[in-house]
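Below is one structure; the comments refer to it alone.
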Amino acid sequence: MINFLNLEYFLVAAEELNFTKAAKRLYISQQSLSNHISNMEKEFGIALFNRSMPLTLTYAGQILKERARQMLALREETYHEIADIKDFTKGQLTIGMSHTRGRRILPEILPLYKERFPGIELHLKEGNSTELDADLLHGDVDLIIGLLPFRVEDVETVPICEEEILLVVPDSVLERSYPGESERLRRQLAQSADLSLVKECPFLLIKPGNRIRTLADEMFAEAGITPKITLETENIETVLALSLKGMGITFYPKMFMSGQGDWKGQTGSFCHAGFYHLDSPKAHGVLGIGYHKGHYMSQATREFIQIAKATCS
């Protein structure tokens with residue numbers, strides 16, 4: 001009969017392919033780890049590692065590595081499911097989303113959620129869209145919140161509200177890039193924000209891997225232009241701050257403008273910059289929650305989704 005502890009130790013060793021590093025990661029001695037591995041090899045009657053330099057897995061070891069992940073994941077899901085059935089007084093929920101979107105959405109949801117379910121331990125994992133998709137796939141988060149569609153297999157989605165990406169164009173950038181034409185361009189942008197109107201302007205962009213950058217690149221391709229990128233960064237707030245200081249134009253979600261009291265109207269101004277509605281369909285999307293349909297969905301996750309839908313819709 002397989003011992004789960006042996007299985008856990010084997011999986012770490014298989015991932016590290018170094019007994020010394022694996023033992024440190026497990027906070028046990030190297031000799032203790034070797035004993036656990038030897039016990040498994042005796043149980044199966046076959047070597048799991050080629051003990052050469054560098055250490056490698058045998059074919060049997062490769063098969064067991066994949067099975068070990070599946071069995072340990074199933075064990076974890078079983079414990080969660082039994083705990084849910086037993087009662088809903090304890091549990092945990094890990095949410096994945098960008099830090100900026102979290103600042104806007106979570107204050108609307110989490111206080112209400114915590115009031116209703118005080119025994120649920122909450123965790124937040126922040127990252128860009130690519131990182132969060134991977135976290136959901138590997139079971140590191142229970143759900144993610146972001147722009148649809150999510151680029152990950154086997155994900156179920158729950159739409160919660162509409163989202164729009166605005167084009168941020170500082171007046172000073174327009175004047176430098178199109179001397180004497182800035183007033184005319186502002187009027188045109190207010191009527192129809194076509195990226196071809198600002199193709200000579202410098203751009204400040206989020207680094208690839210972020211959903212907003214993916215949409216921006218798709219809109220550049222649609223417009224048939226190659227942007228002059230002045231700077232790329234992971235932080236969308238940094239991009240906006242630098243744009244408003246006149247370094248370039250950028251893209252910014254309308255949802256994030258909540259609380260920016262000086263932003264005005266349907267197409268407004270803020271710090272001598274215009275926030276314009278892009279005419280591309282790609283700039284108009286839906287914010288949603290994603291969860292892996294192959295993983296057990298806890299009661300804590302179900303309740304969060306219901307509160308998010310009621311709060312954000």
Check your understanding: If you take all heavy atoms of Thr301 and Leu93, which pair is closest and at what distance?
Key -> OG1-CD1, 3.4 Å

Exercise for review: Using the side-chain contact (heavy atoms from CB on, under 4.5 Å) rule, take Tyr9 and Ile28 through it: C-alpha gap first, then chi angles, then the decisive distance, then the call.
Suggested key: CA-CA 10 Å; Tyr9 286 1; Ile28 61 174; 3.6 Å; yes

Revision key, fill the gap. dist Asp217:CG -> Ile212:CD1 (nearest 0.5 Å) comes out at 12.0 Å

Revision key, fill the gap. So CG of Asn18 and NZ of Lys24: to nearest 0.5 Å the spacing works out to 9.0 Å

**Study point:** N/O donor-acceptor pair under 3.5 Å between Ser129 side chain and Arg211 backbone
**Key:** yes

**Study point:** Residues in salt bridge (Lys or Arg N to Asp or Glu O under 4.0 Å) contact with Glu164, at least two apart in sequence or another chain
**Key:** none

Point to revise | Worked check of side-chain contact (heavy atoms from CB on, under 4.5 Å) between Ile165 and Lys254 | key: CA-CA 6 Å; Ile165 307 301; Lys254 185 178 178 181; over 6 Å; no

Review point. Nearest 0.5 Å, what's the CG-CD1 distance between Leu231 and Ile206?
Key: 9.5 Å

**Study point:** Trace of the salt bridge (Lys or Arg N to Asp or Glu O under 4.0 Å) decision for Arg103 with Glu237
**Key:** CA-CA 11 Å; Arg103 184 197 68 186; Glu237 296 300 333; 3.4 Å; yes

Would you mind writing out the side-chain donor-acceptor pairs for residues 54-61 within the sub-3.5 Å range, not counting sequence neighbours?
{"unit_1": "Thr56", "atom_1": "OG1", "unit_2": "Asn50", "atom_2": "ND2", "d": "3.1"}
{"unit_1": "Thr58", "atom_1": "OG1", "unit_2": "Ala47", "atom_2": "O", "d": "2.8"}
{"unit_1": "Thr58", "atom_1": "OG1", "unit_2": "Leu48", "atom_2": "O", "d": "3.3"}
{"unit_1": "Thr58", "atom_1": "OG1", "unit_2": "Ala60", "atom_2": "N", "d": "3.4"}
{"unit_1": "Thr58", "atom_1": "OG1", "unit_2": "Gly61", "atom_2": "N", "d": "3.1"}

Review point. Between Leu5 and Leu74, is there a shared hydrophobic cluster once you connect ILVMFWY residues whose side-chain heavy atoms come closer than 4.5 Å?
Key: no

Practice item. Given side-chain contact (heavy atoms from CB on, under 4.5 Å), test His36 with Met40 step by step and report yes or no. Key: CA-CA 6 Å; His36 282 281; Met40 290 200 73; 6.0 Å; no

Point to revise | Ser38 (side chain) donor-acceptor with Ser34 (main chain) under 3.5 angstrom | key: yes

Point to revise | Carboxylate-amine/guanidinium proximity below 4.0 Å for Arg51 and Glu41 | key: yes

Point to revise | Contact summary for Thr230 and Pro202, nearest pair of heavy atoms | key: OG1-CB, 3.1 Å

Review point. Which is it for Thr311 and Glu108 under the side-chain hydrogen bond (donor to acceptor under 3.5 Å, both in side chains) test, yes or no, and what are the steps along the way?
Key: CA-CA 7 Å; Thr311 304; Glu108 303 295 326; over 6 Å; no

Point to revise | Leu148: hydrophobic cluster co-members (side-chain, 4.5 Å) | key: Leu132, Leu136, Leu137, Val141, Ile144, Phe150, Val152, Val155, Val286

Practice item. Report yes or no: does Thr250 contribute a side-chain atom to a donor-acceptor pair with the main-chain N or O of Leu205 at less than 3.5 Å? Key: no

Review point. Mind checking whether Leu189 and Leu197 have side chains closer than 4.5 Å, heavy atoms only?
Key: yes

Check your understanding: Can you list every pair that meets side chain to side chain donor-acceptor pair (under 3.5 Å) and has a residue in residues 136-153, with sequence neighbours left out?
Key -> none

Exercise for review: Just do the side-chain contact (heavy atoms from CB on, under 4.5 Å) check on Tyr291 and Ile305 with the steps written out, would you?
Suggested key: CA-CA 10 Å; Tyr291 59 92; Ile305 291 174; 3.9 Å; yes

Check your understanding: So how far is it from Leu147 CG to Ser98 OG, rounded to the nearest 0.5 Å?
Key -> 9.0 Å

Exercise for review: Determine, using the 4.5 Å side-chain heavy-atom cutoff (strictly less than), whether Ile46 and Met71 are members of one ILVMFWY cluster.
Suggested key: yes

Practice item. Would you verify whether the NZ or CZ of Arg75 falls within 45 degrees of the ring axis of Phe4 while also being under 6.0 Å from that six-membered ring's centre? Key: yes

Study note, to complete from the structure: Applied to residues 210-243, the ring pair (Phe, Tyr, Trp, His ring centres under 6.0 Å) test, sequence neighbours excluded, yields Phe203-Phe220, Phe220-Phe251

Review point. Ala22: what forms a side-chain contact (heavy atoms from CB on, under 4.5 Å) with it, not counting sequence neighbours?
Key: Val12, Ala13, Glu16, Leu33

Review point. Would you say Ile249 and Ile229 are hydrophobically clustered, going by side-chain heavy atoms of ILVMFWY under 4.5 Å?
Key: yes

Point to revise | Ile236 side chain reached by Pro253 side chain, heavy atoms, under 4.5 Å | key: yes

Review point. Do the side chain of Arg101 and the main chain of Ile145 share a donor and acceptor less than 3.5 angstrom apart?
Key: no

Review point. Can you name the closest pair of heavy atoms from Ser29 and Ser32 and give their distance?
Key: OG-N, 3.0 Å

Point to revise | Gap between atom CG of Leu112 and atom CD1 of Ile307 - 0.5 Å precision | key: 4.5 Å

Point to revise | Glu175 (side chain) donor-acceptor with Gly180 (main chain) under 3.5 angstrom | key: yes

Review point. Are any non-hydrogen side-chain atoms of Glu162 and Met255 less than 4.5 angstrom apart?
Key: no

Point to revise | Check: Val239 main-chain N/O paired with Ser243 side-chain donor or acceptor under 3.5 Å | key: no

Check your understanding: Can you find a side-chain donor-acceptor pair between Arg184 and Gln188 that sits under 3.5 Å?
Key -> yes

Point to revise | Which residues share a salt bridge (Lys or Arg N to Asp or Glu O under 4.0 Å) with Arg116, sequence neighbours left out | key: none

Check your understanding: If every non-hydrogen atom of Val173 is compared with every non-hydrogen atom of Gly246, which pair is closest and at what distance?
Key -> CG2-O, 3.4 Å

**Study point:** Ion pair Glu232/Arg213, N-O distance below 4.0 Å
**Key:** yes

Review point. With sequence neighbours excluded, what pairs up with Arg176 under the salt bridge (Lys or Arg N to Asp or Glu O under 4.0 Å) test?
Key: none

Point to revise | Partners meeting ring-ring contact (aromatic ring centres under 6.0 Å, His included) with Phe10 (sequence neighbours left out) | key: Phe49

Point to revise | With sequence neighbours excluded, residues passing salt bridge (Lys or Arg N to Asp or Glu O under 4.0 Å) with Glu66 | key: Arg69

Please report, to 0.1 Å, the donor-acceptor pairs under 3.5 Å made by any side chain of residues 119-128, with sequence neighbours excluded.
{"unit_1": "Glu121", "atom_1": "OE2", "unit_2": "His123", "atom_2": "NE2", "d": "2.9"}
{"unit_1": "Lys125", "atom_1": "NZ", "unit_2": "Asp135", "atom_2": "OD1", "d": "3.4"}
{"unit_1": "Asn128", "atom_1": "OD1", "unit_2": "Thr130", "atom_2": "N", "d": "3.1"}
{"unit_1": "Asn128", "atom_1": "OD1", "unit_2": "Glu131", "atom_2": "N", "d": "2.9"}

Practice item. Check whether any side-chain heavy atom of Leu287 sits under 4.5 Å from a side-chain heavy atom of Pro159, and report yes or no. Key: no

Exercise for review: Test Gln31 against Asn35 for side-chain hydrogen bond (donor to acceptor under 3.5 Å, both in side chains), laying out the working first.
Suggested key: CA-CA 6 Å; Gln31 183 59 51; Asn35 290 339; 3.0 Å; yes

Review point. Tell me, which pairs form a side chain to side chain donor-acceptor pair (under 3.5 Å) where one or both residues lie in residues 189-209, sequence neighbours left out?
Key: Ser192-Asp279, Asp194-Ser196, Glu200-Lys228

Point to revise | NZ (Lys21) with more than 12 external heavy atoms under 6.0 Å | key: no

Review point. Can you name the closest pair of heavy atoms from Gly274 and Asp171 and give their distance?
Key: N-OD1, 4.4 Å

Review point. Closest approach of Ala308 and Ile109, non-hydrogen atoms and distance?
Key: CB-CD1, 3.7 Å

